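Data block below; observations after.
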Amino acid sequence: MAAPAERPTGADELKFRDPARARALADAIGRMVEQIGRAPVTVMHVCGSHEQAIAKFGLRHTFPDGLDVIMGPGCPVCVTDLPEVDEAVVLAEDGVRVVTYGDMLRVPGTVRSLAEVQSMGGKVDVVYSAAQAVDIAGGTDEEVVFFASGFETTAVATAAIAVANPPANFSILSAHKYIPPVMEIVAEMPDTRIEGFLAAGHAATITGWGIFERFVERHGIPVVVAGFEPLDILAGIAQLVELVRDGRRAVVNAFPRCVTREGNRIAQQELWRVFRTTGGNWRGIAHVPNGNLRLRDEFAHLDARRRFRIDLKRLWTQAPAALTQLCMCGDIMAGVSSPEKCALFGKECVPDAPVGACMVSSEGTCRIWHQYGGHPRL
Amino acid sequence: MCLGVPGRVVAVNGQIAQVDFFGVRRETRLDVIDEPVQAGDYVLNHVGFAIRRIPDHEIEETLALYEVLLREAENDMMAADVRSEIDAAQLHSGGSGG
Ligand code: SF4
């Protein structure tokens with residue numbers, strides 16, 4: 001497959017910090033996979049930033065052949081479901097000002113993306129932070145809807161502005177997602193044989209690593225919380241493979257400089273004061289019980305879904321574009337496929353003209369593999 | 001997007017901190033920081049909010065990755081994500097303090 005792979009630009013930098021330690025970790029991983037004595041040993045991470053670092057620093061080149069490190073549903077933009085995008089599209093088409101994070105702009109909806117509504121004259125603005133969304137509302141009388149995406153780490157920021165009395169013309173269309181429940185779903189999928197999870201360091205900064213204890217108990221799969229430095233990731237994977245080898249069901253915190261057992265209590269308080277979990281579809285993957293974060297009744301006055309009557313039916317007279325229906329993002333995020341198995345990868349589907357959400361976001365597997373070259377053994 | 005970015009607190013004013021991000025001065029909000037911070041502390045920031053005070057003895061290790069990334073060209077994706085985290089912190093001073 002003609003993957004337009006650049007060389008991993010940071011591969012040399014891996015040598016810059018502690019080459020001896022990196023080599024020792026890589027050797028240890030190799031030895032332990034051999035000791036496990038069956039292949040492949042499959043572990044999953046659930047974080048776009050992990051995938052960026054793995055691809056960028058060429059870490060898969062250091063993994064042994066018998067180890068598969070795959071990216072699960074770690075891209076909040078990618079798992080935003082079509083109807084959620086459609087809600088924002090309908091609001092923008094109806095003349096409401098919609099502000100959102102940059103990655104959300106080009107995520108395909110059923111008929112069109114927010115970028116397309118914008119090019120048709122719709123009022124769509126990009127912000128880097130929830131606070132900037134509030135500032136936009138503060139500078140106008142018109143209704144401003146913050147189309148809010150991201151996992152719990154990002155939802156905390158939305159919660160903080162919700163409790164800080166935003167202006168009356170400001171409301172929130174929450175597409176926020178909560179990672180722990182989807183790990184349960186993926187762990188139980190019949191086609192995936194995930195033997196260990198590498199949990200995302202900064203989500204755990206908020207939730208604490210203790211949250212994974214119940215998961216480990218229920219599913220018998222070890223979890224290691226890891227940071228984002230190449231050495232952090234290697235160390236995390238080494239610990240995970242060791243747990244797999246020894247058949248130990250445990251949570252290990254390999255990122256103690258940012259993650260504690262309890263996490264950030266203040267952030268948790270804000271998060272759960274504003275949001276509750278509900279079930280919902282994650283694009284292409286599954287219905288995830290408790291996987292969506294939605295505003296609590298106490299914050300109904302800020303909920304765009306209550307403030308506006310959002311009629312999606314007018315979009316749903318059309319089927320999604322034919323190419324979109326070929327997109328395999330869901331299979332990729334469920335760990336049963338990878339970008340180079342998609343016939344559209346690097347051809348009909350490229351970052352400038354994405355077919356699926358995984359090619360849009362800088363946290364999407366397809367986009368990351370397109371930039372850095374993905375697989376070690378092409 | 002969840003990568004976050006560390007920065008050094010220059011001054012604290014209520015719920016707002018002036019933070020130095022590798023030479024760029026910005027404002028970050030302290031509404032959800034895990035513990036109180038003061039000038040000289042390092043904090044981890046995500047979408048304009050500080051979410052963690054980084055313990056002193058761990059600062060150097062935390063900064064290393066970002067120093068590498070910020071030397072990268074404009075078109076590097078991971079570097080761009082770090083830059084947008086810095087852009088998420090407010091430019092202007094004199095916020096209301098939330
Ligand atoms: S390459 Fe494009 S169409 Fe194929 S799975 Fe990835 S995002 Fe979807």
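Treat the numbers as computed from the prediction; the structure is a model and nothing was measured. Atom set for the values below is all heavy atoms of this structure, side chains included, hydrogens, waters and symmetry mates excluded. So that the names make sense, note that chain A is the first sequence line, chain B the second, and so on, each numbered from 1.
Between the CG atom in B:Asp34 and the SG atom in A:Cys258 there is a gap of 9.5 Å [rounded to 0.5 Å]. Rounding to the nearest 0.5 Å places OG1 of A:Thr153 at 13.5 Å from CZ of B:Phe49. For the atom pair B:Met77 CE and A:Glu363 CD, the distance stands at 10.0 Å (nearest 0.5 Å). The distance from atom CD1 of B:Ile51 to atom CD1 of A:Ile266, rounded to the nearest 0.5 Å, is 13.0 Å.
Of the atoms belonging to A:Thr260, it is side-chain heavy atoms, and not backbone ones, that fall under 4.5 Å from chain B. Contacts of B:Leu44 with chain A are made by side-chain atoms alone, with heavy-atom separations under 4.5 Å and no backbone atom involved. If you measure heavy-atom distances from A:Leu271 to chain B, you find no contacts under 4.5 Å at all.
Considering only heavy-atom pairs separated by less than 4.5 Å from chain B, the leading option among A:Gly48, A:Gly201, A:Ala53 is A:Ala53.
Proximity of A:Tyr372 to B:Asp76: side-chain heavy atoms (C-beta onward) are separated by under 4.5 Å at one or more points. Contact check for A:Asn264 versus B:Arg52: no side-chain heavy atoms found under the 4.5 Å cut-off. Considering only heavy atoms from C-beta on, A:His202 stays 4.5 Å or farther from B:His46 through its side chain.
The two residues B:Ser84 and A:Tyr128 come nearest to each other via the heavy atoms CB-CE2, 3.3 Å. A:Ser129 and B:Val47 make their closest contact through CB-O, 3.2 Å (heavy atoms, listed as atom of the first residue, atom of the second, distance).
Between the side chain of A:Glu270 and the backbone N or O of B:Val32, no donor-acceptor pair lies under 3.5 Å.
Remark: B:Val82 pairs with B:Leu3, B:Val5, B:Tyr66, B:Leu69, B:Leu70 by the side-chain contact (heavy atoms from CB on, under 4.5 Å) rule, at least two apart or across chains. For A:Phe275, the ring pair (Phe, Tyr, Trp, His ring centres under 6.0 Å) test picks out A:His176, with sequence neighbours left out.
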